[in-house]
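Reviewing the structure listed below.
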Amino acid sequence: MTNEELWQAALGEIEISISKANFITWFKNTTILSNTNGRVIIGVPNGFAKEWLENKYNSYIIRALQSFHSDVKEISCIINHNQSLFTAQSKNIDAIKAPGQELKNTSLPPKIASIKPSVSNHDTNLNSRYLFDNFIVGENNELARAACYAVSQNLGKLYNPLFIYGGVGLGKTHLLQSIGNEIISKYPEKRVKYITSERFTTELIDSIKNQKIDKFKDEYRKIDLLIIDDIQFLAGKEKTQNEFFHIFNALYQINKQIVLSSDRPPKAIPTLEERLRSRFEGGMITDIIQPDLETRMAILKAKAVEKNFYIEDEVIRFIAENIKNNIRELEGALNRVIALCDFTKKPPVLSTVKQALAGIISSGRKNDVQYKHIIKIVSDYYKISYEELVNKSRQREIVRPRQITMYLLRSELNASYPGIGGWLGGRDHTTVLHAYEKIHKELEINEKLKDEIKVLQDAIYKL
Ligand code: ADP
Ligand code: MG
């Protein structure tokens, strides 16, 4: 077996054990440079790939190589600059290049690949862009991804309902729709419906108005996979909750799959009927949190590859270090960079990128602010100690600043409610949610509080 053949074979193994997006991102343009005394040296196009292959994928690679060449003991990567950045070395990777999209090896970004129009099937409401294959897995989402994937392979049998929760732009809709797309591609005869809870409510109200409620219910009862996104908007809608409860039960009893998402766990959805809450809690609940730097870089890299846009590691790192809140913002930033480069015909060097993103990040807001920093600012401002803030005291002088801390941790860091509870002495996430909503509401009417928050925010960002 030549090195080339060994690598092709190993790539074939690796490809089936990781997601397609991860595979393309990390294994494109790689090759075996040498294989001596059990030590395999892999040529990679950049330092970023070296880091990932050596650290994250080390064991996958060794296992794959060993199944064809049992002597292999270790691997290391060398950055191979001579390698064309845009010529896929592997047949496996070549195969997934869109037809007619020949990538050029040029320092200028290639013209942005025309993005495939998202063909959405009106019946299912699914968008074909959202697939497991282009979902990058990181520590923040791996459980949620695994649960969704498992459900797609065992419809109605494994976790029912599956409930995914997490903040905005973290990939909930992407994952939910991936289940739907996986099912319709494998079993076109299955009835799949994706709907947001708001749309569900509107449809329900319309059907009542038009005296078609029975037809509405019948339609829902025929569904094999019902996906309801952003279920938190059912809060306070008693009539909708009641109808949903019946549809839920009808489907559940005949083992039809239900998948739900929300920005918070069922417990923390106010005015959710107890019987619905307990139904939701009867299945599998898992969260998605904010991605760490590594995952943000991986996502950017994958999105750039998807768009046939070459981007240096240092630039990827700069964007990922500065945009932390969610993936939607991260994608937005990348699109800005691509647009600017396309417009100015300049490659995406750091200075161009800083310019493209100046409006988003230069204010210093959201940059490198840590939760401890926020807690310290609040405790200094109200002249109470860190211990007082996190302990169980229920004195008004302490409770109020504690609620303000919770509010700021949420508003400035977009941190999760359970995470904030953990930072503040192991409090329950519902306490944090309650505090956040209390302050949020009060800000609409209390000018003094508004000023206080403004002063605190200025202090946080040293304005
Ligand atoms: P949410 O529903 O949680 O608000 P979305 O699913 O709409 O978030 O995700 C926002 C954007 O980020 C979408 O374009 C989605 O494709 C992308 N995205 C989120 N997570 C990932 C991921 N892990 N890998 C690739 N793209 C992602
Ligand atoms: Mg969503």
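Residue numbers start at 1 and run along the sequence shown. Start at 1 and go down the list; that is how both ligands and their atoms are numbered. The basis for the numbers below is simple: all heavy atoms, side chains too, and nothing from hydrogens, waters or symmetry mates.
Electrostatic pairing of R191 and E219 counts as a salt bridge here, judged by a charged N lying under 4.0 Å from a carboxylate O. Remark: D229 does not engage R199 in a salt bridge, criterion side-chain N to carboxylate O under 4.0 Å. Between E437 and R264 there is a salt bridge, since at least one side-chain N of the basic residue sits less than 4.0 Å from a carboxylate O of the acidic one. Between E321 and R296, none of the side-chain N atoms (NZ, or NE/NH1/NH2) sits under 4.0 Å from a carboxylate O, so this pair counts as no salt bridge.
Listed by number with element, the atoms of ligand 1 under 4.0 Å from a non-hydrogen atom of Y130 are 16 (O). Per-residue contacts place N134 under 4.0 angstrom from the following atoms of ligand 1 (heavy atoms of the residue considered): 24 (N), 25 (C). Atoms of ligand 1 lying under 4.0 Å from at least one heavy atom of N141, given by number and element, are 23 (N). Close contacts between ligand 1 and R129 involve ligand atoms 14 (O) [criterion: under 4.0 Å to a heavy atom]. Near G167, the atoms of ligand 1 lying under 4.0 angstrom from a non-hydrogen atom of the residue are 3 (O).
At most 12 heavy atoms of other shown residues, nucleotides or ligands fall within 6.0 angstrom of atom CD in E238. Few gaps surround NZ on K222; more than 12 heavy atoms of other groups in view lie less than 6.0 Å from it.
For atom 6 (O) of ligand 1, the nearest protein heavy atom (residue, atom name, distance) is H174 N, 2.8 Å. Given atom 18 (N) of ligand 1, the protein heavy atom at minimum distance is I327 CG2, 3.3 Å.
Ligand 1 has no N or O atom lying under 3.5 Å from any N or O atom of V168, backbone or side chain.
Proximity annotation for atom 7 (O) of ligand 1: of Q177, E329, R328, R328 comes nearest, heavy atoms only.
For residue T196, no N/O/S atom approaches the Mg ion (ligand 2) to within less than 2.8 Å.
Heavy-atom separations between G166 and ligand 1 are all 4.0 Å or longer.
At a heavy-atom cutoff of 4.0 Å, ligand 1 is contacted by no atom of N326, backbone or side chain.
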Mind running side chain to side chain contact (heavy atoms under 4.5 Å, CB included) on N335 and K307 for me, showing each step along the way?
CA-CA 10 Å; N335 288 338; K307 293 170 200 233; 2.7 Å; yes
